[in-house]
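In what follows, chains are A, B, ... by sequence order, proteins preceding strands, each numbered from 1.
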2 protein chains.
Amino acid sequence: QGMAVRGIAYDKNISRISLSDVEDKPGILSSVFTALAEENIDVDIIVQSGVSKNGVADFSFSVSDDDVDKALKVIENLRSNLVIGDVTTERGLVKVSIVGAGMVSTPGVAAQMFDIIARQGVNIKMVSTSEIKISCVIEADHLTEVILALHSEYGLDADKNAFVGG
Amino acid sequence: QGMAVRGIAYDKNISRISLSDVEDKPGILSSVFTALAEENIDVDIIVQSGVSKNGVADFSFSVSDDDVDKALKVIENLRSNLVIGDVTTERGLVKVSIVGAGMVSTPGVAAQMFDIIARQGVNIKMVSTSEIKISCVIEADHLTEVILALHSEYGLDADKNAFVGG
Ligand SMILES: C[C@@H](O)[C@H](N)C(=O)O
Ligand SMILES: C[C@@H](O)[C@H](N)C(=O)O
């Protein structure tokens with residue numbers, strides 16, 4: 001049948017934290033995210049691409065800018081127990097999402113969102129998807145033009161609550 | 001307040017395709033996923049962690065096992081136009097998801113899922129998350145014990161439609 005993009009959501013003040021070259025064995029994700037939860041750090045998206053080489057893998061997650069220092073401390077404290085390679089951080093990001101339904105079974109929905117963003121000359125840094133929500137993380141200074149382009153291309157009215165700001 | 005895990009879903013016969021060292025500039029995702037859509041290939045999750053080094057980045061996506069060869073052809077045909085480093089494929093996977101609500105604002109929901117899976121000795125290969133769905137891709141031969149452990153830990157009855165099989 002096909003899907004309709006019903007709305008556009010965004011979250012501001014987001015930072016990415018990436019762990020590279022972590023030991024690719026059961027329990028690593030569990031240890032990291034349990035430790036973050038114990039410090040009451042809200043984690044938004046978690047992405048792991050699945051590339052695994054020489055027994056190590058990478059994964060990333062996003063937190064609000066305010067929680068970065070706390071999250072980095074938590075991770076550093078884990079180094080005595082876990083093999084963690086590089087930890088990199090990128091601040092000043094925003095997450096833009098299209099919200100709809102049946103997006104998996106409709107080829108091209110994600111492609112269209114990526115195309116709209118690319119035509120604004122904006123680089124996509126992180127991607128996380130589900131059937132009802134496709135999220136792209138971009139630099140904060142491009143938020144407005146991307147939001148306007150998305151609402152325009154999808155025919156959504158800005159004044160009809162099509163936007164859900166985070 | 002917190003969230004309740006309302007159900008567990010799974011998708012079988014999944015393969016991962018990863019593109020490593022692609023040029024990290026606007027339009028790459030758009031080109032790849034438009035080309036896949038033009039061949040009517042259903043893409044399920046798309047994940048990009050955001051790590052970018054020396055102007056190159058990685059991203060992965062999942063397709064059904066049946067679509068792998070077709071998808072790989074599409075990508076190879078793009079090499080004349082795009083800088084694509086390594087393309088790796090992993091077949092024989094399944095996606096397991098917990099479905100609920102408000103999962104972002106409840107620290108520890110993802111950690112708990114990761115922990116349940118880890119305690120089965122199962123390695124998590126890909127992760128993609130949203131507020132209402134947290135998905136982990138694992139090897140197919142561990143599906144049953146993971147599904148049983150998840151339903152047991154979350155107190156869901158297998159016979160009350162708590163499972164949604166894909
Ligand atoms: C790398 C990390 O995802 C590991 N495979 C785990 O299951 O925890
Ligand atoms: C690497 C890829 O995500 C690129 N940054 C793009 O926007 O298409």
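In this structure, the separation between OG on B/Ser30 and CE on A/Met113 is 12.0 Å, given to the nearest 0.5 Å. Expressed to the nearest 0.5 Å, how far CZ of A/Phe59 lies from CD1 of B/Ile124 amounts to 10.0 Å. Separating the OG atom in B/Ser128 from the NZ atom in A/Lys133 is a distance of 11.5 Å, to the nearest 0.5 Å. Atom OG1 of residue B/Thr129 and atom CZ of residue A/Phe61 lie 11.5 Å apart, to the nearest 0.5 angstrom. For the atom pair CD1 (B/Ile46) and OG (A/Ser49), the distance works out to 13.5 Å, reported to the nearest 0.5 Å.
A heavy-atom distance below 4.5 Å is not found between the side chains of B/Gln48 and A/Val137.
With a 4.5 angstrom heavy-atom cutoff, A/Ile132 touches chain B only via side-chain atoms. At a 4.5 Å heavy-atom cutoff, the contact between B/Ala110 and chain A is made by side-chain atoms alone. Heavy-atom distances place the backbone of B/Ile41, and not its side chain, under 4.5 Å from chain A. Neither the backbone nor the side chain of A/Asp58 comes within contact range of chain B; no heavy atom of the residue lies under 4.5 Å from a heavy atom of that chain. Both the backbone and the side chain of A/Leu29 come within less than 4.5 Å of a heavy atom in chain B. For chain B, the nearby parts of A/Asp24 are the backbone and the side chain; heavy atoms of each come within less than 4.5 Å. Within the 4.5 angstrom heavy-atom criterion, only side-chain atoms of B/Ser20, from C-beta onward, approach chain A. Of the atoms belonging to B/Ile134, not a single heavy atom falls under 4.5 Å from chain A.
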